Structures are given as structure tokens and as C-alpha cells.
S.K.: 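Quick one: the structure is below, and I'll ask about it shortly.
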Amino acid sequence: METLVELGGLVVGLLLTLFVLSYVIGDNPLYRLSVHILVGVSAAFAAIMIIREVFAPILTSIRGDSETSMGVFWLIPLTLALLLLLKVSPRLAWLGNSAMASLVGTGAAVGLVGAVAGTLLPQVLVQYENRWLALIIALLTILTLAYFFFTGQVGLDGRVVMPRWYPVTAKAGRIVITITLAGLFVAVINTSLILLIQRIAFYSDEIARMIDSLAS
Amino acid sequence: MSTIICANCNSENTGESELCQVCGAPIQDGLTSKSFESDAPYSDPPDAGARQSPSPNPLDPLKKSPPQEDVAPSERAGSTLAGKDDLNEWLRELPSPKTGELAFRTRPLDADGALPTWLQEVRSKADEQSPAGDPGLGNWRSGREGDDVTPAAAGETDENLPDWVSALLQPEEWPEVDDPEAMAEWFSNAEDDDDDLLPQTSELAMTTPLESSRELNGIPEQLVGQSLPEWLMGEEGEDEDEDLANFQPTQRIPLIGKADDQSWDDNSLTNDEFISEQDDLPEYLALDNEALAGIEARNLGPAALVAAGGEDKLFWLEDIEDQEIEAALDEILLQEYPRTADQEVEDVSESDPPEKDLIAEGQDANKILAETLILGELASRDQEADPSLDETLLIDEPEPDDQEIETILAELSTAEKGAEEQTTAASGDWLGYLEDAPAVKTADSINEPALQSDIELERAEIPEWLRTMDPGEPGLSESGVVEESRAGSGPLAGLRDVIPIAVAATGAGQIAEPAKFEITKEQQQQVALLRQLTLTSPELPRERTITGKKDGVAIERLVLGLLLILVILIGWFLPVDRWLTFLSEWTLPEATESAYELVDQLGNKSALLAFEYTPAMAGELDVVADSILAELVDNNSSVITVSQAAAGVAMAHQALERSEIEKSYDLGFLPGDAVGLRGLGSCLSAGGECNSLVGLPLDAEAALLLEDVSLIIILTSDRDSLVNWIEQVGLQTEVPVLAGLTQSLSPVASPYLASEQLAGLIEGAPAAAIYNYSLDGTDTQDAQLLRSFTLAQWLVIAVMIAGGLYFGLSQRSNKAAQDMGMR
């Protein structure tokens, strides 16, 4: 029985994997079906996880702290959460704006502090052992930032005239960005190859094991 | 029967006659005296009998209707001896000319004998001309003093007159007025004698507004009898007394029909006395020499002098501009033919003070127009007029009254009136009257050189370049004469001023020929392109081409997919590394080695593992998680798992189950992204005082494990998750942070590795497999994974190169095919 369940699970998993791989010949219903199943299961799993890992502990906490004032403290975040649920209704969506504002504002503030202190300053103050490498990195960084210089002056004929330094630096920055994106693309291909190899290895091993178990 | 010689015309009259039978001048007691009409500055003329006869000359514009009780000549001459009050008194004493009474009584001199300056100068000049201590003059003067009657009235004879006066009254110098030839001869002789004193006759011509009269000649004859406009009527008679003094008395305009130089010269001789005394005249009466010189420079013709005429100097016309006359004519036209031009009339009345002065002289506008019209008509008809008319007009005696003027006007205008009025009346168009203007103008231009000179002067002001642009007016000759043109044929036959067909057709003939059609280079290229598209384009349905491409691409993708799967299977199942040794030359990255060293150095302390990946990335990160957990198990380390991804919690559970770790604690799901991580970081840095995490209470075991955390390992495939962990957690604590990432995220983590914010980095499954393979060196799944991965990479490289070559060659072949098609 356990083998049949495992075999059923293995077959379903294999079919879904093939459905996804069918995208190699183009968009098709099988691919969409597999994607929809993946998204649906993932969302359902996330919802269950949130209920289980977030709301249940809060309710447990409120129930456990009913004798104290801590339970009242949770009314504020719960109220804000309920207001966010009203965003589903267009007529009552405005009620969730305040909760959304507090959520976005808090996240942005925290994220800004973290970005400045955790990324910008450390990256500026980093000291490379190889000075030439540091110089090249700085130069490439400047070129990349210069590419996004979109400020120009409007000429007499109404056309926007960019600074004289812009065409050269922008072209160099575009080259740097292209190389960076190429590296990221290669990394993505490597990840994809690993994932494919793992799937193939998984199913090959499972199929071999199933054959062995059936043979035995 | 005694005869009395007329002092004016020197003709004999019967003794009973009160008026001269020839000239109509009054005869006083048989005394004859040459008129001193022209010698107006003399306020005390010796002969007053001649002055009592107001000139009934209809052409005299200075006079209104000829009053029987006219003002004294001295008063009209602007004498300062007679004031306005005196004038009134004088007028009361003025007898009727028909009664033969005294014409006027001169005002006696003041007791102190004070005279105006000009009069004193005249007298002093007269004294100089006369012999010093001339008894006659003295007697005459003495006789005059204390007596207010004129010498004539007092019965003085020529013997009592001064010599210079007597010289002027020599009877033998006066020809018979009945004989025109003698009169003309006398005038000629007198002119020769007085050439030095006389100004040039052409200069005199400028004393009359002949130009204005010429303009007036253009008035339709129907308008002659029109009454004055209101603005003129208002001015009439208001300042009569004052303005009369500014004009010469008894001016007469000779009715000369023949406007040639000789006729004018003859007539101008009647002014010799007046002209001879120009230097003695007061400033307001004397002609300005400079003005005369300027007038002479204008080279006015004798016709103008004719209008100036003899002894009558039309000074009032000097100040009248042509435009003013035209305005007056317009006013009259408007009254006769009303139209919306009242404003123009007002403008004329406001801007023409000279005309006001003119009317203020008490002149009748009708008479003025009639006189000027007569001049024009006579001038225009000089060729046709009866020579006897000239003679009659030259005689100028007896001077006609108003009735006679009207008669003359009627006679002169009858000829043209007939036809023109019929035409005008028939058409009903008042503009028909204006059609006469060109004809009159033509006559003026022919008979009056002054007019021609004026036209020439005006034309000379036009620049040459502008004159060259003048296309010419149809029907107008070069001299400005309008040539009447009538259509001789066609539907417009008989009509005047018809534009010739040749003129109209000339415009069409002048249309420029269109430029030759030229085919530009761009047009040639467009034609070539259109030909290529129509002749060489394949007639393949577009949809079929797309479908074929889709099929080809799908096949290519399928082939590549199958080839990749085949390579992976070959690498997984076949020990290809035995034959292909380069497939087994794997090296452990430095960052990965550092990461595993930290894991090994952890000992029995706690490690916080963050499972921030989903099952989609489990194929790569599970390998990393398993490898790390295996090391932790070997080190007997405790593991605390946490995840901000819902699926990460499950991944953590599966990883813990596979690793068979003994000491582990699952914090579960940590909500809030960066905010939750900041809370976790605060808890880690609290040093064991953290009792709650994101509002949820922590149990004692979790608090102890968090206090013992010595290594943070981040297993993620998401960039934000990696950054948040580094920025929020790694920034708040000094605990080293490791990152087990997918290969796709490894470039993002490299800067943090360089800044030592990451103590170690495990770049995906290959790095973990290499680490594992380096530990035991057996042909495990890690080795299979590496072989397959390496083969797949080589395949990808080969496919990319082959694909690039195929694409390049296909593009080249397509281009070559296109070039062939173009050719």
C-alpha cells in the first residue's frame, strides 16, 4: 500500500514535471495546468502556514494572556489586519488604506535604514586587497550609474541635448550592464541545469527503486 | 451839352450823366480823375468819386452781392485810419452811387497830425518824388486839411494837384476805351515804361489761386448754383468788416476767354499803378518779394495770370490750397447728392480756416464758384469761343450785376449741360458728373502750362523705380490726360473705359510655364523598391510562414531539451570522467571552503539556519542544507531553524528529518520580512534577555538557543531575503553569517563576501557536492551530479556556439539571397 501511494505520488510528480517541461515546445494547456496547480498549492500552503504559524500563536497568546493587558495589545494589529482584508471590496477598500500605509511606511523605513547601514556604507568602505581591482570596480560602478543619467537640456529646436560626456559613458555603462546580466543569466542556467539534473536523478532513482521493489 | 470825361475809362459822357456810359463809373461834377482804386494804401485819395462806385464785377470774389452802399475802398483796403466805428459812421454817410452824392467822407486827420507809419512813409515818399515845397501839393494838402471833402468834391482842378498825381492823370495817356486795340497798345506802352516797377507778370499770377480755380473748373455745372454749405454759411458775414480790410478794394477779374500770354499781358496792364506802388504798400498788402520769387520759380503760365487778372489781385486765393477747394466741392456735391460723408464735411470745415476767412470776406460762394467756373470754361473753350467774347470780356465794362452773371453762366454751361445732363439724368448716377472732370482737366492741362508744370513737379517727386513699376492707367496718356476709350466691337461696343481684351489676355499669357518634371534620386529609389516588391516578393501567406517558424522553433527546442536530458542521463549513469578526465577536475571555491571551516569550528554551539527557499529550489539548496547539517551533526551542534517563506518551514522540517540532527529548534515562520528580521536581530543581540519575537513569547529553550547562536547560515534563493538577513540581522550582531545560495544568486552575494559581511558562501549544489566529494572521494551522487552538470554545461556551450554559427550563416545566406533578389 505504501508502495502504491509512493508510486502514485511519483507518477503524479513525474507527470507534472513533464507538463512543465512541455513548455519547451511552447505554451500549452498542460504547462498551464501544472503552473496553476503549483501556484494554487503554494498559495494554499502559504495560507495554512500563516494561519498555523501566525494567527494560531496570536490567538493562543491572547487566550493565555486574557487575565493581563497583553491581550488588548493584539487588538491593534488584528484590527489593522482586518482592515487590510477590506481591500478586497472596492467600496470598503479605503478603510484599509491606513493599515496599508502603516505597513508600507514601516517597511520602507526599516528597509531604508538597513540599505544605508547594511549595504551602501559597507560597500563604500570596503577595502580590497587588490587596488587595481578596487579601481576597476569603482570605474565600472560609475559607468553603470552614468548610464542612468537621464537629465538633458532642451535645445532651441525642442530636442533634448544630452551632455557631451554622456554618449561615451552611457555606452560604456551599457556594456558593463550587459556583462553583468550575462553573468546572472549564466548563473540562472547553471541553477536550471542543477534543478533538471536533480529532477532527472530523482525520478531515475525512484524508478529504479520501484523496479527493484517490483522485481523483488 | 457839355461832356464829362470819365475818370475811370477816360471816355466822354454827357454832362447830365451821373454814370459813365462806357464803364458805368459815377461821374462827379464833371470832374475826371483817374481811379486810385489800386492805390488803396492811400487813405486820403484825391479822387473819391471813383471810389464810390463799387465794382459790380461778377468775377470779383471779394464781393458779396454788389451792395449799393458798399464800404469805402479805403476801408476795404485795410486802412487803419478808419476804424470799425468810423466805418459805421462812414457807411451812414455813404450815398448811393446813383445819386451822385459824395461817395464817402474821408476821416479828418487827427489834431496832432499823427499818421500810421506806413502812411507817413508813403507821404514822405511822395514828397520826395514831388518837388520840394511844391506849392500845388502844399495847397492841395492845405486845402485838404480841415476839410473832409475830397478835392474832387471840392471842385479842385488838375492844376491844384501835385505833379506826380497829375502825371498819372494825363488825359492824353488814356486811350479810348471804346477802342480795344488802342487800349491794348496803351497797356503795352505802359508796361514797357513800368517794367522796372512792375513785378513779373508771372509773379502776379501767383497772387490768384488759379490752381484752385482750376480745380473748381471740374465742378459740374449743375452745381454752380448750389448754396453754401452750413459751415460756410456760418462764417459768412461774421468777420466781414475785419476781413474786408485785408483785401484790395474793387478787385476785378477780367473775363478773358483767351488765356494766352498776350491777353494776360494786356490785362495785367491795368494793374500797373498798383504794382508800381508795391514797395509803398503796407506789409499786409504788399506782395512778399520772396514769395513772388518763389512763385515765379514755379513757372506758372499766363493762364494763371489771367485769373489773377489785371488790377484785381485775388490774394484771398493764395491761401487756399487745392485740397481745400476740393473739400468745398465735396461739400457741395454732398448737399446735392447726399451720401454718408457728413464726417468729411466736418473735417473740412475744421481744417480749412483759410476758407473761413474767404467766406468771412462776405463773398458769395455761388459767385465764387461761378466766377471760377467761368474761368475754366473760358479757358477750355478758347479755341471755340467767339473772338468777340474776348473783346467783350476784355472791355469789362459795364460790369455785370448778379443777373448778368447768372445769364453768362447759363450761356456758358448750356452747351455741355445739354448732353451731359441727359446722360446723367438717364443713368441716375451722380457719378456721371464726375466724368466731366477728365475733360476739363484736359483742357486745363493744355491751356494752362502752370497746371502742366505742377503735374510735372508732382511727378518728379515719384522715384524712378516706382515710376517704372507704374503699369499705366488705361485711357490715361503720359501727360495725365484721360483719353476717352470706347469699345468698338464686341458685346461692350460703345461703352467707355472698357479694358481692352489684350490687357486682360496679357495676364493669362504671362503665367509662367511649369517647371520641367524632374525625377529625383529618392523617387527613382522608391520606384525601384516598388518594382522589387511587386515582382520579386513571394506570394506566401503570412500566417503559414509564422506557423512554420513556430513549428521549427518548437522542434529546435524539443531537440535541444531531449539532447540536454540525454547528456544529463549519460553523465548521471555513465562514468564518463574516466574517459573525459577534465570532467572530474573540480576545485572547491575559497568562499565555500571558508564556510565549511566556520561550520567545522562551530563545535557544539548553536547555529541558526534560515530556510528561505521553496520546493522549486529544493533541488539545489537541499544539497547545501544537507551538507551543512551533516557537518553540524558531526560537530554536535544545535540547530535553530527559522524561515520567512511559508514553504521554507516545510523545507526546514524535511532537512532536519534527513539530517537526523539531535539538537534542533524550529522557530517556524517569521513574518514581517525586514521588520521581523530586525526583531530577530534585536533578540540575537539581546544577550539572552529576549523573551518574545515579533510579539510572540519565546519559550525558555528557544531563548537559550538564541543566546547560544554562534553562526548564522542563510539558505535562500531570493535576493531580498539574502539582503534583509545581511542588513537587518547581520548588522545588529557580530555573529558570522554564512550563505548557502543558488548559483543564480551567487553574483549578488559576492559584494557582501568582499565586504566581509558574509563569512562564507556556498554557491549552490555544485559547491556543496565538491565539498562532499572532497571529504570522501567516492563515486556518490555528488559525483554523478557533478558529471552530469559538467556535461550539461559543455553541451550548453556547444549548443550556443553551434547556434551562433548557424544563425550567422543563415543570416548571411539570407542576405546573399536578398542581394541576388535586388540584382
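Source: prediction; values computed, not measured. Numbers restart at 1 for each chain; the letters A, B, ... are given by sequence-line order, proteins then strands.
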S.K.: How would you list, by chain and number, every residue that makes a side chain to side chain contact (heavy atoms under 4.5 Å, CB included) with B:L560, sequence neighbours excluded?
M.R.: B:V799
S.K.: Below 4.5 Å from any heavy atom of chain A, which atoms of B:A616 appear? Answer side chain, backbone, both or neither.
M.R.: backbone
S.K.: Go through B:Q793, B:R678, B:E763, B:Q732 and name the one with the most non-hydrogen pairs under 4.5 angstrom from chain A.
M.R.: B:Q793
S.K.: May I have the step-by-step check of side-chain contact (heavy atoms from CB on, under 4.5 Å) for B:F611 and B:V642, ending in yes or no?
M.R.: CA-CA 6 Å; B:F611 289 85; B:V642 67; over 6 Å; no
S.K.: Could you look at A:L125 and say if it's the side chain, the backbone, both or neither that has a heavy atom under 4.5 Å from chain B?
M.R.: neither
S.K.: Pick one of side chain, backbone, both or neither for A:A115, based on which atoms fall under 4.5 Å of a heavy atom in chain B.
M.R.: both
S.K.: Above 12 or not: heavy atoms from other molecules or residues under 6.0 Å from CZ of B:R658?
M.R.: yes
S.K.: What residues of residues 12-22 of chain A sit under 4.5 Å from chain B when only non-hydrogen atoms are counted?
M.R.: none
S.K.: Do you know which of B:A647, B:S717, B:A765 has the most heavy-atom pairs under 4.5 Å to chain A?
M.R.: B:A647
S.K.: Would you check if the side chain of B:E612 reaches a backbone N or O of B:Q644 as a donor-acceptor pair within less than 3.5 Å?
M.R.: yes
S.K.: Answer with side chain, backbone, both or neither: which region of B:P751 has an atom nearer than 4.5 Å to a non-hydrogen atom of chain A?
M.R.: both
S.K.: Is A:I197 in contact with chain B via its backbone, its side chain, both, or neither, using a 4.5 Å heavy-atom distance?
M.R.: both
S.K.: Hey, is the main chain of A:V176 close enough, under 3.5 Å, to the side chain of A:T180 for a donor-acceptor pair?
M.R.: yes
S.K.: Look only at the side chain of B:S685 and the backbone of B:S682, and say whether a donor-acceptor pair between them is shorter than 3.5 Å.
M.R.: yes
S.K.: Is A:V24 close to chain B through its backbone or its side chain, or both, or neither, when contacts mean heavy atoms under 4.5 Å?
M.R.: both
S.K.: Without swapping roles, check the side chain of B:Q728 against the backbone of A:V110 for a donor-acceptor pair under 3.5 Å.
M.R.: yes
S.K.: In terms of heavy-atom contacts, does OH of A:Y147 have more than 12 from other residues, nucleotides or ligands at under 6.0 Å?
M.R.: no
S.K.: Okay, side chain of B:S627, backbone of B:V624: is any donor-acceptor separation there less than 3.5 Å?
M.R.: no
S.K.: Pick one of side chain, backbone, both or neither for B:Y752, based on which atoms fall under 4.5 Å of a heavy atom in chain A.
M.R.: both
S.K.: Against chain A, label B:Q757 side chain, backbone, both or neither, depending on which of its atoms sit under 4.5 Å from a heavy atom there.
M.R.: side chain
S.K.: What residue, out of A:P77, A:A201, A:G183, A:G111, has the most heavy-atom pairs lying under 4.5 Å from chain B?
M.R.: A:A201
S.K.: Verify side chain to side chain donor-acceptor pair (under 3.5 Å) between B:Y613 and B:D622, making sure each step is shown before the conclusion.
M.R.: CA-CA 9 Å; B:Y613 61 92; B:D622 280 348; 2.7 Å; yes
S.K.: May I have the step-by-step check of side-chain contact (heavy atoms from CB on, under 4.5 Å) for A:I137 and A:L133, ending in yes or no?
M.R.: CA-CA 6 Å; A:I137 291 174; A:L133 179 62; 3.8 Å; yes
S.K.: If you round to the nearest 0.5 Å, how far is CG of A:N190 from CD of B:E620?
M.R.: 8.5 Å
S.K.: Which atoms of B:I568 are under 4.5 Å from chain A, going by heavy atoms: the side chain, the backbone, both sets, or neither?
M.R.: side chain
S.K.: Under a 4.5 Å heavy-atom cut-off, does chain B meet the side chain of A:Y128, its backbone, both or neither?
M.R.: side chain
S.K.: Count the heavy-atom pairs under 4.5 Å between each of B:L569, B:L785, B:V796 and chain A, then report the option with the highest count.
M.R.: B:L785
S.K.: So which residue, B:T742, B:L696, B:V675, ends up with the most heavy-atom pairs under 4.5 Å with chain A?
M.R.: B:L696
S.K.: Indicate the atoms forming the closest heavy-atom contact of B:R787 with B:W572, along with that distance.
M.R.: NH2-O, 4.0 Å
S.K.: Within the side chain of A:S89, is there an N or O that forms a donor-acceptor pair under 3.5 Å with the backbone of A:L86?
M.R.: no
S.K.: Between chain A and each of B:A792, B:G619, B:S744, count heavy-atom pairs under 4.5 Å; write down the option with the most.
M.R.: B:S744
